[in-house]
Amino acid sequence: MRSRPVSVTGVRSETPTQCTIVLDWEPEAQPGQFVMVWIPGVDEVPMGFSSIGPSAAITVQRMGDATEALCALDPGDRVGVRGPLGKGFELLEGKRCLLVGGGNGVAPLVPLAEALVAKGCRVYTAVGARTREELLFIDRLAGIAGPAPEVATDDGSEGHHGFVSNLALRLMDEFRPDVVYTCGPELMMRKVADACWERSIPFQASLERYMKCGIGLCDACACGRYLVCRDGPVLTGEHLRGVPDFGSFKRGPSGVKVPFAAPDGGGSIGIGLGSED
Amino acid sequence: MRSRPVSVTGVRSETPTQCTIVLDWEPEAQPGQFVMVWIPGVDEVPMGFSSIGPSAAITVQRMGDATEALCALDPGDRVGVRGPLGKGFELLEGKRCLLVGGGNGVAPLVPLAEALVAKGCRVYTAVGARTREELLFIDRLAGIAGPAPEVATDDGSEGHHGFVSNLALRLMDEFRPDVVYTCGPELMMRKVADACWERSIPFQASLERYMKCGIGLCDACACGRYLVCRDGPVLTGEHLRGVPDFGSFKRGPSGVKVPFAAPDGGGSIGIGLGSED
Amino acid sequence: MDGPDISVDLCGVLMENPVMLASGVLGETGPSLLEALEGGAGAVVTKSIGPSPREGNPNPTVVTLGDSLLNAMGLPNPGMEAYAEELEWLRQGSEAPVLASVFGTSPDEYAEVAARLAPLVDGIELNLSCPHAKGLGAEMGGDPAMLEQVVRAVVDVTDLPVLAKLTPNTGDIGALASAAERGGASGLVAVNTLRGMAVDVEMAAPALANTYGGLSGDALRPVGVRCVHEIAGMTSLPVVGVGGISNHIHALEYIMAGATAVQVGTAIRTDGPRILGRIATDLRDWLADHDHSSLADVRGILVRGGHR
Amino acid sequence: MDGPDISVDLCGVLMENPVMLASGVLGETGPSLLEALEGGAGAVVTKSIGPSPREGNPNPTVVTLGDSLLNAMGLPNPGMEAYAEELEWLRQGSEAPVLASVFGTSPDEYAEVAARLAPLVDGIELNLSCPHAKGLGAEMGGDPAMLEQVVRAVVDVTDLPVLAKLTPNTGDIGALASAAERGGASGLVAVNTLRGMAVDVEMAAPALANTYGGLSGDALRPVGVRCVHEIAGMTSLPVVGVGGISNHIHALEYIMAGATAVQVGTAIRTDGPRILGRIATDLRDWLADHDHSSLADVRGILVRGGHR
Ligand SMILES: Cc1cc2nc3c(=O)[nH]c(=O)nc-3n(C[C@H](O)[C@H](O)[C@H](O)COP(=O)(O)OP(=O)(O)OC[C@H]3O[C@@H](n4cnc5c(N)ncnc54)[C@H](O)[C@@H]3O)c2cc1C
Ligand SMILES: Cc1cc2nc3c(=O)[nH]c(=O)nc-3n(C[C@H](O)[C@H](O)[C@H](O)COP(=O)(O)OP(=O)(O)OC[C@H]3O[C@@H](n4cnc5c(N)ncnc54)[C@H](O)[C@@H]3O)c2cc1C
Ligand SMILES: Cc1cc2nc3c(=O)[nH]c(=O)nc-3n(C[C@H](O)[C@H](O)[C@H](O)COP(=O)(O)O)c2cc1C
Ligand SMILES: Cc1cc2nc3c(=O)[nH]c(=O)nc-3n(C[C@H](O)[C@H](O)[C@H](O)COP(=O)(O)O)c2cc1C
Ligand code: FES
Ligand code: FES
């Protein structure tokens, strides 16, 4: 599928470092799928959907050139979209679901929560950010049937003081979910995954890898034997068991291994993949 | 459409110079359409359908390499077919139809007669050949509802002594057809056409021109402003009115004009287009 | 016509729109050229004409591959004398621009044919690129020195604009473009077909009697657009884009990459030459929808140095 | 496996079937190579590896055009040292044949990389043909003299079979094949991608950040088959056919045209590398249906001089 131009119908600042871009586009997308967004002259980058429906939206964490350019768009501007690509979250019916999101990883969990509620699930959410100002979509999540989101901030400025992975561990034991869905920094997700494996709770995690082709050709997005663009971005606990890369390293644009930095043992909440050099 | 291989299921000698090749093929063809038949290593040549249905057939007049190779095929051999191509006869309903065929030009008139009868037409046929032995499909035509075919031979060995065009003129006045369909040597068809124009009887004539691409690209088959492979091979009296080529010249493989030889004023019954040099 | 201006001055050949009939597709007879002009072509190019009649290759001469095509016609043509009659007939029916495509086996032969047809046409296109006729076209057109000689020989015998049609079967189309410019060409046409082959696996035979043929249609477009972009960035001659155009978006790819006009060949097979007029109309509509007043607004916008 | 014999001895590399993973498609990591082998490939070729890490071109790096593709990856690779680890990992999981694709900016660099990877692989493929990375590949591989030097430099440092992968962006692929043969190559691979370009008309921008990219997939097949047929008829080296193969009929086109084995790249994008095994199985079934006992029955039957 070739990139096609869609118009921006709105740009909203969500937090000091995040913005939402609403598109004049109704993709047939599943929660968790992604799209390659092209800003001519700048870059083409993978983005998840923060809204699916008649006006799809992406929510962007400012990281560098492409994300800055996205947040600087005005209504009426156009971007190229190639997608939806990859495999999204598998939607279960009538289950108790715990959704754990860190940083910008909360974004795809919103349409997921909506879809799960529509499938008769009970949805619990745990949301983390560096500070109170960077908490994303608390209101949108609160508006979706289910208990209000539980919150963690690294600096303790709101909710649980500390990483959302720790909060998630507590909620797992409290709510006894049938399934856990998670998106956010990989070290956070790895902690959640380990806890799920220990407790034999199935889980699905949305991964990020450097993406070039987005269609399973170039191997840039390899994670063990999986290609995140083709087999993911959502991989299940079964997929991920035994994949040495998970929570340990990703690959830079050249294919070299880039370990996940874990200076404080828990990983930062930022969504960045780190830089190769 | 690419050439595809079909098996020959039978080869029948019809007359000393004509054979029918039955194919394991059920094309969606209209009477009068044609197909490019490929004999690898020999040639690819245009052929009309002498039967349409579950086992389509072509009936071949031996002229040279390709037609000899076709008549030498055995059941089980394969040829390539590209088609059906072009526009066939337009089928009218409930009309009085006169079909005039000369030489091998009788072949496409047989499925035409069948189709017209199925549409409630009354079908009269006039069939010509050089001699009695070369009369084609008299029996098949006789088996289709309608009066028995009227026959003409150049040498008088059966039926009307003389050209089938002369016979046709007589039948036009006798049967007063609503429409005339004709296929055969172009000079014969031109005579029929002139008679139809005089009498204001609509007609359809199946033309032959040298064919290469068969799909309206190469201009080899030009007849005035028409391409016989695209607009024909069946052209109507309206098409042909004012086309200087009709009955006057065709074009050789290089595009040069080749006049129709008319040594005896009536044209030979053979189906050949003559050779360029 | 109303709306944005899509007329083109192609090195002196004035066309109402930039959509031309490509050489070798129809164009063997006067009536077919007229049909293309009546179908809305801005100009037509004749089949490539040589000094004497040529029957071309034996059948099969074409294989369709989806929206692409392999052909090995082998330059059939009735020769310049017989063809002059076709052009005389055409000139009585239309005043729209006609380019004669010319080929030969030597610079002199090219010049001879060009001189014979020049009085009957508005420009000369040199087929320096037919990839499937031995000893002709590509073999000359792939060698910059020989190409330059051919162009110069023809420029010497006519005042008409002379356009050199280049082959994409080269590692360096820029060198061919420069050679044509040095030889005195007024314009360039890119591209002719890519040399290709298809096998009929069931028949265990090449699909073309000639084994090799020229690839045109959809498959050719990315190569054609690249060639036009490469040469538009390096010469000041106008470039005509050809290869795989079947709608106005394809035409715009070439035009944005630097083409002054475009030619359409293979796409004619479905609907006949009225597709030429439809592409022109759609082009005008597209410009209007995008608030452009003229084709010049978008021409060459992707070429280094911007608008051309 | 039962049925006709489709095993291949490609200049000493013994493969269970003739269907290989093409270079640059997957192959940047050990696990992806293993997936291709488990998916049924007769052999795999690595991504083209250079002496040090390279990030490649900025995105967009691919554009799909129906069943064809333009890519301008720009030879991203982790460099030979990091890549050696990938191969070591792979070697613990599989004994199936692996060819290392190698590139460099000089004959010496090619030789350096080949020497570093040789102990870990069964053969070396020289990428002499990447059409969209400046100063690399094609610029060397388009010049017969330079190509010969590169091949010789690599042959001098390894006893493994060395296969030269040729560019189709040339007027004379035969000259490249001969140069490779003179340089001491054991085999040839044809073809890499054609240089192409696509324009996003609405965005008024080249569809690739790099402007030009390599055309692969369906559009390339007629050119690839023609190149294989041309060179198979003139050298005695085995030739590997690549370009636009997505089923066994396409593979047979190449094999009848003279290819000893085939490679598949772009077609992997739909179903992943298990398509390689499917093509091999379908090939065997086709041979059985046509009463052939071995691939050798049909190999090269269209090449002058018959069976090869
Ligand atoms: C499946 C998937 C879904 C994503 N969804 C979102 C989302 O919804 N919202 C969001 O803000 N971000 C998302 N990202 C991350 C986003 O793609 C990067 O933040 C963005 O590409 C950064 O580009 P930049 O030019 O602004 O930053 P740079 O300065 O170029 O880089 C900053 C960081 O982004 C990474 N990055 C750059 N280019 C790519 C690329 N092509 N693929 C992957 N990572 C890249 C770099 O490795 C680096 O760690 C997603 C990534 C993936 C793989
Ligand atoms: C629409 C159409 C339908 C036809 N239907 C039949 C049919 O049903 N039965 C039948 O026997 N014949 C039919 N023909 C004529 C048939 O195509 C030629 O007789 C045949 O091609 C002769 O080939 P050859 O190699 O045997 O003869 P050659 O020795 O090559 O030539 C003999 C004559 O056939 C003509 N001819 C050769 N090749 C072609 C070609 N590619 N296209 C047109 N004419 C050619 C030559 O001009 C010459 O006049 C049809 C022709 C057309 C245009
Ligand atoms: C059937 C056919 C015949 C052709 N004959 C000629 C020719 O005589 N002279 C020439 O310069 N180009 C010839 N060409 C090439 C076209 O003019 C054109 O360059 C090419 O087909 C690419 O354009 P397209 O993709 O629109 O067909 C021919 C192409 C086809 C398909
Ligand atoms: C995404 C992509 C990356 C490629 N990278 C390389 C490469 O690194 N080295 C190389 O020799 N060929 C490379 N190629 C070319 C392929 O190996 C192959 O020659 C070409 O794609 C034609 O085969 P296909 O049509 O089956 O894809 C690449 C092709 C694609 C599509
Ligand atoms: S991004 Fe290319 S394989 Fe996933
Ligand atoms: S046979 Fe080519 S146009 Fe009719």
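Below, read A as the first sequence line, B as the second, and so on, with proteins coming before strands; counting in each chain starts at 1.
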Original post:
Given that the side chain runs from C-beta out, which part of A:R4 has a heavy atom under 4.5 Å from chain D: side chain, backbone, both or neither?
Top reply: neither
Original post:
With a 4.5 angstrom heavy-atom cut-off, which part of A:P40 approaches chain D: side chain, backbone, both or neither?
Top reply: side chain
**OP:** Give the C-alpha distance, both sets of side-chain angles, the deciding distance and a yes or no for side-chain contact (heavy atoms from CB on, under 4.5 Å) between D:L69 and A:L217.
**Re:** CA-CA 11 Å; D:L69 187 94; A:L217 272 179; 3.5 Å; yes
Within the distance-only criterion (no hydrogens, no angle test), does the side chain of [X] pair as donor or acceptor with the backbone N or O of [Y] below 3.5 angstrom?
X: A:R78; Y: D:E202; result: yes
X: A:K212; Y: D:V62; result: no
X: D:N59; Y: A:M211; result: yes

Original post:
More than 12 non-hydrogen atoms from neighbouring residues, nucleotides or ligands closer than 6.0 Å to CG on A:D194, yes or no?
Top reply: yes
Minimum heavy-atom distance [X]-[Y], with the two atoms named:
X: D:P206; Y: A:W38; value: O-CZ2, 3.5 Å
X: A:S254; Y: D:P53; value: OG-CB, 4.0 Å
X: A:A220; Y: D:E28; value: CA-OE2, 3.9 Å
X: A:R2; Y: D:A207; value: NH2-CB, 4.3 Å
X: D:A82; Y: A:V256; value: CB-CG1, 4.4 Å

Original post:
Looking at D:E86 and A:R251, does any basic side-chain N land under 4.0 Å from a carboxylate oxygen?
Top reply: yes
**OP:** Would you give the length of the straight line joining atom OG of A:S3 to atom CE of D:M203, rounded to the nearest 0.5 angstrom?
**Re:** 6.5 Å
Using non-hydrogen atoms and a 4.5 Å limit, figure out which bit of [X] sits close to chain A: side chain, backbone, both or neither.
X: D:E38; answer: side chain
X: D:L34; answer: neither
X: D:A204; answer: neither

Subject >> Top contributor to chain D interface from A:V42, A:D219, A:V45, A:I215 [non-hydrogen pairs under 4.5 Å] >> reply: A:D219
Subject >> Test side-chain contact (heavy atoms from CB on, under 4.5 Å) applied to D:S32 and A:L227, step by step >> reply: CA-CA 8 Å; D:S32 293; A:L227 295 179; 4.2 Å; yes
Original post:
Can D:E35 and A:R230 be said to form a salt bridge (Lys or Arg N to Asp or Glu O under 4.0 Å), step by step?
Top reply: CA-CA 14 Å; D:E35 193 199 6; A:R230 179 192 71 194; 2.8 Å; yes
**OP:** Among D:L65, D:V25, D:L26, single out the residue with the greatest number of heavy-atom pairs under 4.5 Å to chain A.
**Re:** D:L26
Original post:
If you tally heavy-atom pairs under 4.5 Å against chain A, which of D:I268, D:D200, D:V63 wins?
Top reply: D:D200
